[in-house]
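See structure below.
When reading the values below, keep in mind they use all heavy atoms of this one structure, side chains included, and skip hydrogens, waters and symmetry mates. In this chain, residues are counted from 1 in sequence order.
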Amino acid sequence: MTFTYEALPMRVVFGPGSLRQLPEEADRLGLCRLLVLSTPGQRALAEHAATLLGDTCVGLFTEARMHVPVEVAEAARAAAHEAGADGCLAIGGSSTIGLGKAIALTSGLPVISVPTTYAGSEMTTVWGLTDNGRKQTGRDRAVLPRSVVYDPELTLGLPVDVSVTSGFNAIAHAVEALYAPDASPIVSLMAKEGVRSLAASLPLIAADPGDAAARIDALRGAWLCGACLGATTMSLHHKLCHILGGTFDLPHAAVHTVLLPYVTAFNLPAAPAAEQALRRALATDDVPKHLAHTSAELGAPRSLAELGLRERDVDEIIAQARAQRYANPRPVTEQALRSLLTLALKGILP
């Protein structure tokens, strides 16, 4: 057995009520002038975090947006500069976590992340910016949060539909990590356990959004799946999601949820070890069918058409997907892409 595994330098504070430890985390990092980031919808939570920080908070920027438009990133950097911030606190979902990364990428300001969904991007060096309908992504250790505070209590109010789609977003990270060219036994263990945790907890959350134990298990699973994304190279699934989000402004987590069964149906025949691992984690003999049926039963959208994609958009997606090289278990031909996207558009499993 030969492999390479490089752990990312990451501090995690996990547990109910851990948000109250924000002042101690800022002090440990030597930060005394934090700009708090959020989306407009999470402003109240950002204000609560600012109250906990007290004089350590020097301002709020609550205009984070999905897919991190460059103009929003520039405005946030300017706000940090004007406030004399020595760091940022990003509290919310992937839109806010991504904005914190965008600020860190060019300014070098350290970030504390407090995720409130299950997307998992806080565990990675991956950044993304959208400019003129194109989403550019990259990897840089400068964007890695210095500290991540996981407080399951913050997810108790997360709507079921967002809980489900962000959970499937996290599962997608683990799925692609299982057949990544730089996979390792360590990452595969995290991937299998992350998928198992989310697959077990999401139905419980849908039945009772206030189930504290299920929320803890889901957030732990999201952490593990996010760590898989941070440790390996992603493939076709993530490439398509970036195109659909950056060019067509489709909702990120919902796109992951819809596409995942179709990409697994395409890729798993060429990745038997990954398929066996997922069969065990999901307790099923048919991984794509299980993913599609479970997400639909939990109320998630079933087709790209439901999210606003049109048939005439398929050619543009194919052109972008074939314009760059990326690792994938199977060759990504134009014909294969057209078939996959057409089925996903209509919500018809192969």
Under a 3.5 Å distance rule, please check whether [X] uses its side chain to pair with a backbone N or O of [Y] as donor and acceptor.
X: S113; Y: P115; value: no
X: H238; Y: M234; value: no
X: D313; Y: R310; value: yes
X: S163; Y: L158; value: yes
X: T247; Y: G133; value: yes
X: D86; Y: C32; value: yes
X: N328; Y: S235; value: no
X: S166; Y: Y118; value: yes
X: D211; Y: A214; value: yes
X: H67; Y: L250; value: yes

Closest heavy-atom contact between [X] and [Y]?
X: V68; Y: A102; result: CG1-CB, 4.0 Å
X: T333; Y: R322; result: CA-NH1, 3.5 Å
X: S95; Y: T39; result: CB-CG2, 4.1 Å

If you measure from the Lys or Arg side-chain nitrogens to the Asp or Glu carboxylate oxygens, is any gap between [X] and [Y] under 4.0 Å?
X: E316; Y: R134; answer: yes
X: K346; Y: E311; answer: no
X: E122; Y: R146; answer: no
X: E153; Y: R215; answer: no
X: E47; Y: R43; answer: yes

Which other residues end up in the same hydrophobic cluster as L22, if Ile, Leu, Val, Met, Phe, Trp and Tyr are linked when side-chain heavy atoms come under 4.5 Å apart?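 Taking Ile, Leu, Val, Met, Phe, Trp and Tyr as members, L22 shares its hydrophobic cluster with V13, L19, L29, L31, L34, V36, L45, L52, L53, L60, L89, I91, I112, V114, V149, L154.
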Where does the angle between the aromatic ring planes of F14 and Y150 fall among parallel (under 30°), tilted (30 to 60°) and perpendicular (over 60°)? tilted
State yes or no: do [X] and [Y] share one hydrophobic cluster built from I, L, V, M, F, W and Y residues joined by side-chain heavy-atom distances below 4.5 Å, directly or via other members?
X: L229; Y: V111; value: no
X: L309; Y: L343; value: yes
X: V263; Y: I171; value: yes

Is there a side-chain contact between L244 and I317 in this structure, where contact means two heavy atoms from C-beta onward sitting under 4.5 Å apart? yes
side-chain contact (heavy atoms from CB on, under 4.5 Å) partner of R77, the single match among L99, T106, V72: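 The residue from L99, T106, V72 that satisfies side-chain contact (heavy atoms from CB on, under 4.5 Å) with R77 turns out to be T106.
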I would like to know whether T155 and T117 meet side-chain contact (heavy atoms from CB on, under 4.5 Å); could you show each step before the answer? CA-CA 7 Å; T155 67; T117 70; over 6 Å; no
If only side-chain N and O atoms count, and only distance matters, is there a donor-acceptor pair under 3.5 Å linking T125 with R141? no
Check whether the side chains of Q42 and T62 place a donor and an acceptor atom closer than 3.5 Å, and report yes or no.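 T62 and Q42 do not have a side-chain donor-acceptor pair below 3.5 Å.
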Which residue pairs pass the salt bridge (Lys or Arg N to Asp or Glu O under 4.0 Å) test when at least one of the two sits in residues 259-278, sequence neighbours left out?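 Residue pairs passing salt bridge (Lys or Arg N to Asp or Glu O under 4.0 Å), neighbours aside: E275-R279.
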Validate the cation-pi geometry between R330 and F266: distance from NZ or CZ to the six-membered ring centre under 6.0 Å, angle to the ring axis within 45°. yes
